[in-house]
Chemist: 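This is the structure I have questions about; it appears just below.
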Amino acid sequence: MRIVVTGGAGFIGSNFVRSTLAQRPDVQVTVLDALTYAANPANLSGLADAYPGRFRLVEGSITDARLVDELVAGADLVVHFAAESHNDNSLTNPLAFITTNVTGTAVLLEAATTHGAHFHHISTDEVFGDLPLESTEKFTPSTPYNPSSPYSASKAASDHLVRAWVRSKGLDATISNCSNNYGPRQHPEKFIPRQITGLIEGHKPRVYGAGLNVRDWIHVDDHNAAVWTVIDKGETGKTYLIGADGEKTNLEVVTALLGIFGHPDNWFVHVTDRPGHDRRYAIDASSMRALGWRPVYTDFAAGLKATVDWYTQHPQWWESARHDAETRYRDTEKELGGNR
Ligand code: NAD
Ligand code: DAU
């Protein structure tokens, strides 16, 4: 099977490429990645030698219709991870999100339709907006779309494009909407690696607002195993919600990290809240469980400790990315005010 993986040099995509090459000897992978600030070429280093003839990296944008057409022409399957993915950045630079997440997705859909490749679209639970803090309600595939940020609105638009191409242009496609991922190789602009890398450097965690917002954490390897389950067993045109019943407040996550680093529970700072901050995400993953998928990383404390160990052992992977991300947070303070 020949697959094109867009965004394969980023967090989830690179973990997907690594596990796919290790576990599926019949698969040849072409990564198409623009190598934006969010990518780290080290995520894929060594793979061409470790898997001769089964891996290549093409540097380019999913908005480049000629390049996309050429790559998809030789593929059986496209797995589409590429995106601008950080909510905070979408508040200050929304147009980049529309270009990549909306236009780039449409370019890929055209190529997959032309060449008859199966298309798997990686999306997010944020397309549904948020849930009340004090409730047990969860997102389901029939929850109405109600995105809050330019990022989530652009992902919602991309989901609608996939459905339109399935219905009106005969594309063979599946969609999965996953909750918050954690694990190795996540950019240090994001919540968990920002706090881990800060703690390694001796800084206090930075908690937006009161810290009571809830995220439904899933290990990146569980997400990627679920993606293959959908590709193998999912129904064309259908949406699958991926989650591992991992709801935690941000304060609970910070407290767990402080425990790992041996600091008291109150060793953190409250900073200015994110405008439009979604309160709570929670996934009903029964459509995935019906396909036979189960999460393996069911012990969040153990998964978090392993993630801390990975960042502790790979400072060269994150130091300059952390520096750049913190510079962007300082620039956002200048643009939007507050203390981030
Ligand atoms: P990431 O920011 O770590 O990686 C994104 C990758 O896409 C980078 O390698 C970047 O270089 C590449 N990219 C950006 N613009 C591109 C373009 N125009 N052309 C080609 N490549 C481009 O993101 P991530 O956290 O790994 O997320 C991957 C996907 O999963 C995204 O679609 C995101 O919406 C979705 N998702 C993420 C999470 C999460 O918790 N991180 C949860 C659910 C869904
Ligand atoms: O739900 C899936 C989504 O999860 C993905 O679609 C996004 O690509 C991914 O970035 C993530 O979005 P969030 O906005 O939930 O993730 P983030 O890591 O930015 O923030 C997680 C929570 O932590 C959120 O409530 C904001 C808060 N936060 C974040 C940062 C960076 C802090 O309290 N302090 C911080 O420094």
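We count ligands from 1, going down the list as the structure has it; atoms in each ligand are counted the same way.
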Chemist: Taking only heavy atoms of Val207, which atoms of ligand 2 are found under 4.0 Å from at least one of them?
Modeler: 33 (O)
Chemist: With a 4.0 Å heavy-atom cut-off (strictly under), which part of Asn180 contacts ligand 2: side chain, backbone, both or neither?
Modeler: both
Chemist: Closer than 4.0 Å to some heavy atom of His86 - which atoms of ligand 2 meet that?
Modeler: 19 (O)
Chemist: Between the side chains of Asn43 and Trp317, is a donor N or O closer than 3.5 angstrom to an acceptor N or O?
Modeler: yes
Chemist: Hey, which of Asp125, Thr124, Thr143, Asp159 is the one that makes side-chain hydrogen bond (donor to acceptor under 3.5 Å, both in side chains) with Asn177?
Modeler: Asp159
Chemist: Using side-chain contact (heavy atoms from CB on, under 4.5 Å) as the criterion, point out the one residue from Thr249, Val253, Asp278 that pairs with Arg215.
Modeler: Asp278
Chemist: Going by the order shown, which atoms of ligand 2 are within less than 4.0 Å of some heavy atom of Tyr281?
Modeler: 1 (O), 15 (O)
Chemist: At their closest point, which heavy atom of Ala117 faces which heavy atom of Ala75, and how far apart are they?
Modeler: CB-O, 3.7 Å
Chemist: Could you tell me the residue and atom name of the protein heavy atom closest to atom 3 (C) of ligand 2, and the distance to it rounded to 0.1 Å?
Modeler: Glu126 OE2, 3.0 Å
Chemist: Around atom 34 (N) of ligand 2, find the nearest protein heavy atom and jot down its residue, atom name and distance.
Modeler: Arg206 O, 2.8 Å
Chemist: Should you measure from each heavy atom of Thr124, which atoms of ligand 2 turn up under 4.0 Å away?
Modeler: 1 (O), 2 (C), 3 (C), 5 (C), 6 (O)
Chemist: Does the pair Asp324/Arg328 count as a salt bridge with the N-to-O cut at 4.0 Å?
Modeler: no
Chemist: What is the minimum heavy-atom distance between Tyr182 and Phe11, and which atoms define it?
Modeler: C-CZ, 3.8 Å
Chemist: Thinking salt bridges, do Glu134 and Arg280 make one under a 4.0 Å N-O criterion?
Modeler: no
Chemist: Does Arg322 come within less than 4.0 Å of Glu319, counting only side-chain N to carboxylate O?
Modeler: no
Chemist: Return the option from Glu189, Arg274, Lys155, Gln186 holding the heavy atom at the smallest distance from atom 19 (O) of ligand 2.
Modeler: Arg274
Chemist: Between Trp217 and ligand 2, does any nitrogen or oxygen pair lie at a separation below 3.5 Å?
Modeler: no
Chemist: Select all protein residues for which some heavy-atom-to-ligand 1 distance is less than 4.0 Å, and list them by chain and number.
Modeler: Gly7, Ala9, Gly10, Phe11, Ile12, Asp33, Ala34, Leu35, Thr36, Ala38, Ala39, Gly60, Ser61, Ile62, Phe81, Ala82, Ala83, Ser85, Thr100, Ile122, Ser123, Thr124, Tyr151, Lys155, Cys178, Ser179, Asn180, Asn181
Chemist: So, regarding Phe191 and ligand 2 (criterion: nitrogen or oxygen to nitrogen or oxygen, under 3.5 Å), is there a contact or not?
Modeler: yes
Chemist: Roughly how far, to the nearest 0.5 Å, is CH2 of Trp293 from OH of Tyr240?
Modeler: 14.0 Å
Chemist: Step through it carefully: locate the ring centre of His314, locate the ring centre of Trp310, and say whether they are under 6.0 Å apart.
Modeler: yes
Chemist: Could you find the nearest protein heavy atom to atom 27 (C) of ligand 2 and give me its residue, atom name and distance?
Modeler: Asn250 ND2, 3.5 Å
Chemist: Only one of Val214, Asn180, Leu131, Asn213 forms a side-chain contact (heavy atoms from CB on, under 4.5 Å) with Tyr281, so which one is it?
Modeler: Asn180
Chemist: Run the numbers for me: atoms of ligand 2, each under 4.0 Å from some heavy atom of Ser85, listed by number.
Modeler: 7 (C), 8 (O), 10 (O)
Chemist: When you measure from atom 36 (O) of ligand 2 to every protein heavy atom, which one gives the shortest distance, and what is it?
Modeler: Arg194 NH1, 2.7 Å
Chemist: Within a distance under 4.0 Å of any heavy atom of Asp125, pick out the atoms of ligand 2 and give their elements.
Modeler: 1 (O), 2 (C)
Chemist: Got the closest protein heavy atom to atom 35 (C) of ligand 2, with its distance?
Modeler: Tyr208 CE2, 3.3 Å
Chemist: Within a distance under 4.0 Å of any heavy atom of Tyr151, pick out the atoms of ligand 2 and give their elements.
Modeler: 5 (C), 6 (O), 7 (C), 8 (O)
Chemist: Is the ring pair Phe119/His80 parallel, tilted or perpendicular, if the boundaries are 30 and 60 degrees?
Modeler: tilted
Chemist: Is the ring pair Tyr208/His277 parallel, tilted or perpendicular, if the boundaries are 30 and 60 degrees?
Modeler: perpendicular
Chemist: Look at atom 15 (O) of ligand 2 and say which protein heavy atom is nearest, naming residue and atom and giving the distance to 0.1 Å.
Modeler: Arg215 NE, 2.7 Å
Chemist: Taking the minimum heavy-atom distance to atom 26 (C) of ligand 2, which of Glu326, Arg280, His277 ranks first?
Modeler: His277
Chemist: Give the contacting part of Lys190 toward ligand 2: side chain, backbone, both or neither, where contact means a heavy-atom distance below 4.0 Å.
Modeler: both
Chemist: State the atoms of ligand 2, each with its element, that fall below the 4.0 Å cut-off from a heavy-atom position in Gln195.
Modeler: 34 (N), 35 (C), 36 (O)
Chemist: Got a salt bridge between Lys334 and Asp331, using NZ or NE/NH1/NH2 to carboxylate O under 4.0 Å?
Modeler: yes
Chemist: Between Tyr329 and ligand 2, which residue portion shows a heavy-atom distance shorter than 4.0 Å: side chain, backbone, both, or neither?
Modeler: side chain
Chemist: So does Asp232 pair up with Arg24, basic N to acidic O under 4.0 Å?
Modeler: yes
Chemist: Quick one: which of Ser90, Ser154, Ser123, Ser158 gives a side-chain hydrogen bond (donor to acceptor under 3.5 Å, both in side chains) with Asn101?
Modeler: Ser154
